[in-house]
Protein chains: 2
Amino acid sequence: MPFDKNRCPNDSHGIESQKILKNANLKMTKKRVLIIDCFKHSNVPLTADDVFNILRENTNINLSTIYRALSALTDSEILTKQTLSDGTYVFQLNGDVHRHILTCKECGKIDYIEFCPIEKTIDDITSKTGFEITGHSLEFTGICPDCKKKLK
Amino acid sequence: MPFDKNRCPNDSHGIESQKILKNANLKMTKKRVLIIDCFKHSNVPLTADDVFNILRENTNINLSTIYRALSALTDSEILTKQTLSDGTYVFQLNGDVHRHILTCKECGKIDYIEFCPIEKTIDDITSKTGFEITGHSLEFTGICPDCKKKLK
DNA sequence: CTAGGTGCAAACGATTTGCAATAAC
DNA sequence: GTTATTGCAAATCGTTTGCACCTAG
């Protein structure tokens, strides 16, 4: 996960992150603020391990702390959680433009699209099934442009 | 997985399953035929464990045999593989009406819909991203009708 | 002070793998 | 006969959990 490529140039996200935690009635701790900041600095979804690798450079933090924080933040709907086709999870800030996943069958590289073909059809599904739809996860698999070149 | 509820009344699927294997240049073994038959008998996607529980009643079969067979069958595009939101995999016959997943947040129950809001938009995504889309996985989360009643 | 957060090490569970025995072609 | 498949047991790996310690409110 190329973190530096996705840095947010301006900063003072920390203060905002504290508000987010307060609003959710979660204790405001240094570690949680740092974790939320990771997502503010990133323009792609992150795994627990991504967050760990970003933070360990400057902080002592334990992977399980990250898992627990991500779980609490997802419960409070501050983050959303999506399952990738390999069974691992990625998280992103909720309310962000939501992104869907493009996985390359050849190289495994993951790309994201900010485009959702689903939203229009949710009412349709509710009326067909009686399910109240509160979220959705969509992943495409295919062959990325780079691999297409190589295969030729 | 309520297998008996989903049984196909008529039968002689075995012979057809052998053809499928032959066409894919896979060795035709008893176990593989049995595994394919499971899918022919089921009208819902199955996990490796579902298949195991169905077959163990009448057969000696090992879970890893099932995993390896499912993997070979998926590679040969006889089955498709989808990842559920809990990170586990479900398989279904390829070319079947394809089904998308509805998971209830409350009770975890999984339901399937034979309705795909995606197909129309695939060309759109290809032109936007350069990805050649070969598959997709879509899962909805929400609250099932039963749980909605209970919550009231 | 006290509920909740953290670190560490150990547990978990679905899936994968190495290897020797076996079956398909 | 040769190669792929199977069974079994052990390994893998992302994620979760128990427990003692620590920190925010």
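Heavy-atom basis, side chains included; hydrogens, waters and symmetry copies ignored. Please read these numbers as outputs of a predicted model, since none were measured by experiment. We name chains A, B, ... by the order of the sequence lines, and we start the count at 1 in each one.
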Rounded distance (Å) that lies between atom [atom2] of [N] and atom [atom1] of [X]:
| X | N | atom1 | atom2 | answer |
| --- | --- | --- | --- | --- |
| A:Leu84 | D:dG14 | CG | P | 12 Å |
| B:Asn60 | C:dA23 | CG | P | 13 Å |
| B:Leu70 | D:dT6 | CG | C1' | 14 Å |
| B:Arg32 | C:dT22 | CZ | C1' | 14 Å |
| B:Ile61 | C:dA23 | CD1 | C1' | 14 Å |
| A:Leu34 | C:dG5 | CG | C1' | 14 Å |
| B:Leu55 | D:dG7 | CG | C1' | 15 Å |
| B:Asp86 | D:dC13 | CG | C1' | 16 Å |

Taking the side chain as every heavy atom from C-beta outward, state whether [X] and [Y] have any pair of such atoms under 4.5 Å apart.
| X | Y | value |
| --- | --- | --- |
| A:Asn62 | A:Ile66 | no |
| B:Leu93 | B:Leu79 | yes |
| A:Phe140 | B:Ile118 | yes |
| B:Arg99 | B:Ile113 | no |
| A:Thr65 | A:Arg68 | no |

One should read off an interatomic distance between B:Thr47 OG1 and B:Tyr67 OH, to the nearest 0.5 angstrom, of 7.0 Å
CG of B:Leu84 to CD of B:Glu139, rounded to nearest 0.5 Å, is 5.5 Å
Mark yes or no for whether A:Ser76, through its side chain, and A:Ala72, through its backbone, hold a donor-acceptor pair below 3.5 Å. yes
Problem set entry | Any donor-acceptor pair under 3.5 Å from B:Thr59 side chain to B:Ile61 backbone | no
Once the angle between the rings of B:His100 and B:His136 is folded into 0 to 90°, is it parallel (under 30°), tilted (30 to 60°) or perpendicular (over 60°)?
-> tilted
Heavy-atom contacts, protein to nucleotides 20-25 of chain D, under 4.0 Å, summarised as B (base), S (sugar-phosphate only) or - (none) per nt, yield ----BS
Rounding to the nearest 10°, end axes of the helix from C:dC1-D:dG25 to C:dC25-D:dG1 built from five pairs each make an angle of 40°
Does A:Thr126 form a side chain to side chain donor-acceptor pair (under 3.5 Å) with A:Glu132? I'd like the steps, not just the answer.
CA-CA 6 Å; A:Thr126 300; A:Glu132 179 183 332; over 6 Å; no
Next on the checklist: With a 4.0 Å limit, can you tell me whether A:Lys31 has a side-chain N or O closer than that to the phosphate oxygens OP1/OP2 of C:dG7?
Outcome noted: yes
Within the pair A:Asn62 and C:dC8, is there a side-chain N or O less than 4.0 Å away from OP1 or OP2? yes
Anything under 3.5 Å between a protein N or O and an N or O of nucleotides 13-17 of chain C, put it in a table, one pair a line.
unit_1: C:dT15; atom_1: OP1; unit_2: B:Tyr89; atom_2: N; d: 3.1
unit_1: C:dT15; atom_1: OP2; unit_2: B:Tyr67; atom_2: OH; d: 2.3
unit_1: C:dT15; atom_1: O5'; unit_2: B:Tyr67; atom_2: OH; d: 3.2

